[in-house]
Amino acid sequence: MKILAIDTSNRPLSVAVLDDSTVLAAITVTVHQKHAEYLLPEIERLMGMAGLKPADLDRIVVAAGPGSYTGIRIAVTTAKTLATTLNIDLVAVSSLATLAANVPVEGALVAPLFDARNQNVFAGLYRIKDGQPTAVIADAHTNITTFLEAVKEYAEPVWFLGDADHFTELINTTVSAATPRISPWLNLPQVATIGLLGQQMTPVKDVDRFVPNYLRLTQAEAEWRAKNPKEDVESYVEKI
Amino acid sequence: MKEGVSPTDKRNLILAFESSCDETSVAVIEDGHKILSNIVATQIKSHQRFGGVVPEVASRHHIEEVTLCIADALSEAQVGYDDLDAVAVTYGPGLVGALLIGVTAAKTVAFAHNLPLIPVNHMAGHIYAARYVEPIEFPAMALLVSGGHTELVYMPAENEFEIIGETRDDAAGEAYDKVGRVMGVNYPAGKTVDEWAHQGHDTFKFPRAMEKDDNFDFSFSGLKSAFINTTHHADQIGEKLNKQDLSASFQQAVVDVLAEKTQRALADYPVNQLILAGGVAANQGLRERLERDLSSNPTTHLVKAPLKLCGDNAAMIGAFAYVAFKHGVFADATLNADPSLEFDWVADPVK
Ligand SMILES: [Zn+2]
């Protein structure tokens with residue numbers, strides 16, 4: 001099975017192409033955040049290195065959020081368009097799980113988090129089971145202290161990844177259990193890893209209706225729903 | 001291939017994308033002037049909840065719709081990817097997050113099927129909606145009026161666009177939405193104000209801005225303020241104003257300014273055609289006025305964009321993309337959205 005995996009959830013752009021469990025080529029770029037401009041050229045370069053044409057692909061794996069809204073939109077739009085236009089499977093993975101998959105320690109608890117400003121984070125807690133990250137606290141947009149209090153309950157060493165260094169002090173004072181030292185390498189999405197995981201995962205059923213996992217309503221939508229609790233929230237777009 | 005058809009007779013098919021604001025649209029266009037399909041998914045009802053377009057919401061809706069629009073466009077046109085000659089997409093101007101969805105999807109389809117990618121300026125697309133009425137004869141002039149733009153564009157030859165005048169403040173469509181709101185009409189207000197205008201009379205005599213200035217620029221902020229002051233004053237003294245007369249007075253002022261400036265531009269730039277295009281080009285008052293003005297012009301005739309193609313759609317993008325295709329205008333996979341993309345200004349618009 002030939003797999004293309006894509007992650008542009010945050011600043012790094014990471015793409016990989018695999019043939020079953022063999023990673024044919026992988027590119028991770030961290031020097032810019034021009035994903036709209038560079039994602040497709042990097043995919044072209046990657047496929048060229050691997051000697052593959054788009055029609056050779058069997059499956060797309062995408063990190064579908066949470067993350068930067070623009071970043072996850074570019075990744076998901078590219079992934080769902082590729083999957084529909086080539087008529088192949090699409091598999092979606094949490095962008096936080098993509099990071100958690102970097103930890104190769106069986107049984108470890110991993111807390112990947114992205115800074116969402118104003119002391120808020122996108123975060124989840126994962127247990128590495130059979131080499132795969134399994135969610136124990138679901139990905140959420142939450143206050144950092146609330147998240148750390150919940151993590152503390154496990155009373156175990158936790159691998160904090162992602163933007164954890166923005167909250168070092170808070171982590172040290174809130175979570176008493178020792179936190180392992182993290183190599184900066186582990187903070188970068190290595191999308192080849194989710195490419196491997198994506199082989200086994202169930203593909204998205206309705207690719208056309210697939211959207212990024214924003215984990216947050218837009219402010220306008222949230223305010224409108226608060227004011228109109230009884231209104232239908234679906235069908236607001238119509239073909240004319 | 002059918003017998004007796006030489007390879008040069010092969011029809012040119014372009015898959016065109018448009019997502020610059022609140023419509024997701026994909027079309028299949030044959031030879032730049034025949035619409036095989038033109039799928040438009042509009043988000044108007046969603047944004048009406050907020051009283052106007054919310055960019056983040058628009059961007060999210062585009063992702064929900066874009067691949068469905070592609071599939072529908074191809075199946076309605078009864079063509080497959082192998083039949084296509086190119087992919088075209090609006091890359092500006094517009095809302096950056098909205099543009100990015102169309103640009104990303106179009107780039108991906110081009111990559112997946114090894115097709116050339118054509119970058120299209122949204123405003124060129126609006127002008128080329130007129131191509132579905134008749135071929136454009138150069139030199140030509142376009143009066144482009146929409147929610148975001150009001151400009152006079154001179155086209156000396158195919159694939160050449162020069163702005164000779166534009167709005168200094170609000171676009172005409174923006175002014176319509178603002179006065180609509182004052183009268184309690186939800187966005188987009190143009191159609192309702194246009195209808196009321198036809199039932200009322202210009203009794204308020206609002207100011208016509210810059211009609212006498214020696215350039216082709218427009219301004220609608222003075223008119224908007226006069227309108228708001230009038231209604232505000234009436235509210236304060238508890239007087240109820242007639243919405244039909246208010247609309248008629250507002251529309252008359254807008255139409256006078258647009259028509260007057262256009263006449264002056266036509267005097268300085270003799271052209272074969274005046275093209276009326278853009279969302280506000282659906283306005284009946286404006287269409288009727290320009291028809292009247294141009295009926296006595298022996299050299300220039302009016303081409304109005306079809307009513308159904310005045311709003312944003314991918315068919316118009318495909319019409320211009322065919323011209324770009326012939327001129328060898330292509331983009332590579334680095335194509336990005338350019339939210340403030342503009343035509344160049346003519347060097348010296350005022351003679
Ligand atoms: Zn438009």
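Below, chains carry the letters A, B, ... as their sequence lines are ordered, and counting in each starts from 1.
- A 6.0 Å sphere centred on CD of E44(A) holds more than 12 heavy atoms belonging to other residues, nucleotides or ligands.
- At a 4.5 Å heavy-atom cutoff, the contact between L335(B) and chain A is made by backbone atoms alone.
- When the shell of 6.0 Å around CG of N114(B) is examined, it contains 12 or fewer heavy atoms from other residues, nucleotides or ligands.
- Within a 6.0 Å sphere centred on NZ of K308(B), heavy atoms belonging to other residues, nucleotides or ligands number 12 at most.
- Both the backbone and the side chain of T85(A) come within contact range of chain B, each with at least one heavy atom under 4.5 Å from a heavy atom of that chain.
- Each of R49(B), H47(B), Q48(B) was scored for a side chain to side chain contact (heavy atoms under 4.5 Å, CB included) with Y236(A), with one residue passing: R49(B).
- If you measure heavy-atom distances from S25(B) to chain A, you find no contacts under 4.5 Å at all.
- Under the 3.5 Å distance criterion, the side-chain polar atoms of K53(A) are left unmatched by any main-chain donor or acceptor of A112(B).
- Salt-bridge check for R73(A) with E56(B): passed, with a basic side-chain N closer than 4.0 Å to an acidic carboxylate O.
- Atom CG of D206(A) and atom CG of L68(B) lie 7.0 Å apart (nearest 0.5 Å).
- Of the inter-residue distances, the one linking T42(B) atom OG1 with I240(A) atom CD1 reads 5.0 Å to the nearest 0.5 angstrom.
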>> Evaluate I39(B) against K239(A) for side-chain contact (heavy atoms from CB on, under 4.5 Å), listing each step before the verdict.
In response: CA-CA 7 Å; I39(B) 308 297; K239(A) 293 253 163 73; 3.5 Å; yes
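- If you take CG on L82(A) and OG1 on T108(B), they are separated by 5.5 Å, rounding to the nearest 0.5 Å.
- Using a cut-off of 4.0 Å between Lys/Arg side-chain N and Asp/Glu carboxylate O, K80(A) and E64(B) are scored as not salt-bridged.
- Enclosure of atom CG in N87(A) is not indicated, since only 12 or fewer non-hydrogen atoms of other residues, nucleotides or ligands lie within 6.0 angstrom.
- At a threshold of 4.5 Å between non-hydrogen side-chain atoms, the residues R209(A) and E65(B) count as touching.
- In this structure, E221(A) does not pair ionically with R60(B), as no charged nitrogen and carboxylate oxygen lie closer than 4.0 Å.
- Closest non-hydrogen pair, L100(B) versus A36(A), comes out as CD2-CB, 3.3 Å.
- Among I43(A), T70(A), V207(A), I74(A), the residue making the largest number of heavy-atom pairs under 4.5 Å with chain B is I74(A).
- When each of I44(B), V103(B), T104(B) is scored by its heavy-atom pairs under 4.5 Å with chain A, the top score falls to T104(B).
- Counting heavy atoms from C-beta outward, K45(B) and V237(A) have side chains that stay 4.5 Å or more apart.
- One finds the CG atom of N336(B) at 5.0 Å from the CD atom of E37(A) (value rounded to the nearest 0.5 Å).
- Contact of L57(A) with chain B is not made at all, since no heavy-atom distance falls under 4.5 Å.
- Per-residue heavy-atom pair counts under 4.5 Å with chain B were compared for Y38(A), Y69(A), F210(A), Y214(A), and the maximum is reached by Y214(A).
- The contact between D72(B) and chain A is made entirely by side chain atoms (from C-beta outward), counting heavy-atom distances below 4.5 Å.
- Between chain A and the options S59(B), G97(B), A71(B), the largest number of non-hydrogen pairs under 4.5 Å is found for S59(B).
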>> Apply side-chain contact (heavy atoms from CB on, under 4.5 Å) to residues I70(B) and T84(A) and explain how you reach the verdict.
In response: CA-CA 9 Å; I70(B) 298 172; T84(A) 51; 5.6 Å; no
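- The distance from the CZ atom of F50(B) to the CD atom of E223(A) is 9.5 Å, given to the nearest 0.5 Å.
- Contact annotation for Y81(B): only side-chain heavy atoms (C-beta onward) come within less than 4.5 Å of a heavy atom of chain A.
- If you measure heavy-atom distances from V54(B) to chain A, the contacts under 4.5 Å come from the side chain alone.
- Around the CD atom of Q200(A), the shell of radius 6.0 Å holds more than 12 heavy atoms that belong to other residues, nucleotides or ligands.
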